[in-house]
Amino acid sequence: MTSLSVETLAADAVEPITSAGNAQLGIAVLAGIAVIVLLITKFKLHAFLALTIGSLALGAFAGAPLDKAIASFTTGLGSTVAGVGVLIALGAILGKLLADSGGADQIVDTILAKASGRTMPWAMVLIASVIGLPLFFEVGIVLLIPVVLMVAKRGNYSLMRIGIPALAGLSVMHGLIPPHPGPLVAIDAIKANLGVTLALGIVVAIPTVIIAGPLFSKYAARWVDVPVPERMTQQRPSEDLDKRPGFGITLATVLLPVVLMLAKALVDIVIDDPENSVQRVFDVIGSSMFALLAAVIVGIFTLGRAAGFTKERISSTVETSLAPIAGILLIVGAGGGFKQTLIDSGVGQMILDFSKDWSIPALLLAWLIAVAIRLATGSATVATISAAGLVAPLAADMSATHAALLVLAIGAGSLFFSHVNDAGFWLVKEYFGLNVGQTIKTWSVMETIISVVAGAIVLLLSLVI
């Protein structure tokens, strides 16, 4: 995905920035993470500032000179933003074009027109999964909530029977499938193959979303039976448009980057010759940046122009799509800085020693670390970034498939039991008109099911591939 790999970055520090032993490093890691958790949860500090301060605290507790700790942090921040910043921006642009043009509404309406009765929860999970590919989780929720409320009210369905599948589709995409920020950063840190990770991510995602979505929603509807909150009904983006893009061309645009990246992975497996001209072509068109850039350029015409947008309107859409991701980019960058501080402090070797001494499978260890950080911070992205930095050395001798599974194990762990320290928890609570207990019974349990099921599938896949 990027030429700046973990090994390349680690090479900048010929030796660790500290000579601390494993015991001191272990204490330093726990102290650094504790600082981050305390700042985010107790003092409500922005995750960017918390990660920055936590990185410096980690270096200080490990006995590293402050100037070297700062150098490690800034190196990691810069390389991470260089590796994934453009991809996050391109994904945001594509998502904004999809929403504003009415393309998302077109996909929703077309699928809903084919569904009824018992198939409706399955239709909702399909819609959320497709819409969730280019959209950030929060944007996807805002976009789909009016649809969920409309379907539940008009069809007299239980709100949880319709809402849980939609939330499951969005959450699984967010945690497991690139080009979402968490998976992208983990791929970059572990130096996993993007196409292989994407392919295996889809394999893991399908049964996971079925179990956590349509199947679990039957029980969630029995546990929590609430009416549709009238106050949350919102206007859909396409209601002000005279026309919107067709279903087929919209779906093709959304899936274009996925198809290009999977094609590259397939060609790499079949040909496996870096000098082959066909493989070299697919290495270019299947790279994450090219695939997303191609989708954005195509989307300008198939989504923006198809909706009747002028050049000025398209330019405005692109511009407004970038402002909301500033915070995400800073968090991801600071997470990269924290990761690099971990690497340069010698924590990687400590993790290697720990995994050998305790005979813990690398995938299970990665999942457990992500779970712990998720429970503490409430942020799936922070959990993914921090866990990837900690376990990256474990991937050094792994095959491409197992490195991809390591990324997915981290992503699965990062989704475990969302509770009151997670912004997503309160977003779901307010949109669906639930109280805290009802949100835990539905949303929190659903997130835990996703995490456990996805983690179990990853472990099973590691035994057969």
Side-chain angles (χ1 to χ4, degrees), residues 40 44-52 77 80-105 128 131-147 166-167 169-171 173-175 177-185 232 234-238 240 253-254 257 288-289 292-293 295-297 299-300 303-304 307 309 312-336 377-385 414 418 422-428 430-431:
I40 291 176
K44 308 301 180 185
L45 202 62
H46 191 276
F48 166 69
L49 292 174
L51 283 164
T52 302
L77 186 150
T80 301
V81 173
V84 303
V86 174
L87 305 182
I88 293 173
L90 290 173
I93 294 170
L94 181 60
K96 186 68 171 174
L97 283 169
L98 180 67
D100 286 5
S101 68
D105 287 344
I131 297 298
L133 272 173
L135 294 176
F136 296 126
F137 178 79
E138 293 81 1
V139 178
I141 283 188
V142 172
L143 194 65
L144 285 181
I145 285 301
V147 178
L167 293 173
L170 289 175
S171 189
M173 293 296 110
H174 175 71
I177 307 295
H180 289 276
L184 281 178
V185 173
M232 297 308 299
Q234 302 174 9
Q235 184 181 25
R236 302 173 70 196
S238 63
D240 292 331
T253 304
V254 171
S288 52
M289 190 180 81
L292 279 168
L293 180 61
V296 168
I297 294 173
I300 288 174
L303 301 175
F309 286 7
E312 291 75 15
R313 175 72 183 274
I314 292 174
S315 178
S316 174
T317 298
V318 171
E319 183 177 350
T320 54
S321 72
L322 297 177
I325 66 169
I328 295 173
L329 283 174
L330 288 172
I331 292 171
V332 167
T377 65
S379 171
T381 302
V382 171
T384 300
I385 294 169
S414 75
S418 164
D422 178 19
F425 178 93
W426 299 104
L427 200 60
V428 171
E430 293 303 316
Y431 271 128

Q) Hey, what do you get for CG (Leu303) to CZ (Phe309), rounding to the nearest 0.5 Å? A) 9.0 Å
Q: Quick one: pull up CD1 in Ile314 and CG in Asp100 and give me the separation to the nearest 0.5 Å.
A: 11.0 Å
**Q.** Residues that Thr253 engages under side chain to side chain donor-acceptor pair (under 3.5 Å), provided they are two or more places apart
**A.** Thr302
(Q) Holding to side chain to side chain contact (heavy atoms under 4.5 Å, CB included), I want the full list of residues that pass it with Ser418, two or more places apart in sequence or in another chain. (A) Arg374, Asp422, Phe425, Trp443, Glu447
Q. Does any N or O in the side chain of His180 come within less than 3.5 Å of the main-chain N or O of Gly182, such that one atom is a donor and the other an acceptor?
A. no
Q: Please identify each residue that fulfils side chain to side chain contact (heavy atoms under 4.5 Å, CB included) with Ile141, with sequence neighbours left out.
A: Phe137, Ile145, Leu167, Leu170, Leu427, Val428, Tyr431
Q) Between CG of Leu184 and OG1 of Thr384, what distance do you get to the nearest 0.5 Å? A) 11.0 Å
Q. Looking only at heavy atoms, what is the nearest atom pair of Ala307 and Ser101, with distance?
A. CB-O, 3.5 Å
Q) Sub-3.5 Å donor-acceptor pair from the side chain of Thr317 to the main-chain atoms of Arg313, do we have one? A) yes
Q.
Once rounded to the nearest 0.5 Å, what's the spacing between atom CG of Leu330 and atom CG of Leu51?
A. 11.0 Å
Q. If every non-hydrogen atom of Gly169 is compared with every non-hydrogen atom of Ala128, which pair is closest and at what distance?
A. CA-CB, 4.0 Å
Name each donor-acceptor pair under 3.5 Å that joins a side chain in residues 87-99 to protein atoms two or more places apart or in another chain, with its distance.
none

Q: Would you name the heavy atoms of Gly336 and Thr80 that are closest together and state the gap between them?
A: CA-OG1, 3.1 Å
Q.
Please enumerate all residues that pass side chain to side chain contact (heavy atoms under 4.5 Å, CB included) together with Thr381, with sequence neighbours excluded.
A. His174, Val332, Ser379, Ile385
Q: Work out which heavy atom in Ile328 is nearest to a heavy atom in Pro181; give both atom names and the distance.
A: CG2-CG, 4.0 Å
Q.
Within this structure, what is the CG-CD1 distance for the pair Leu292 and Ile297, rounded to the nearest 0.5 Å?
A. 11.0 Å
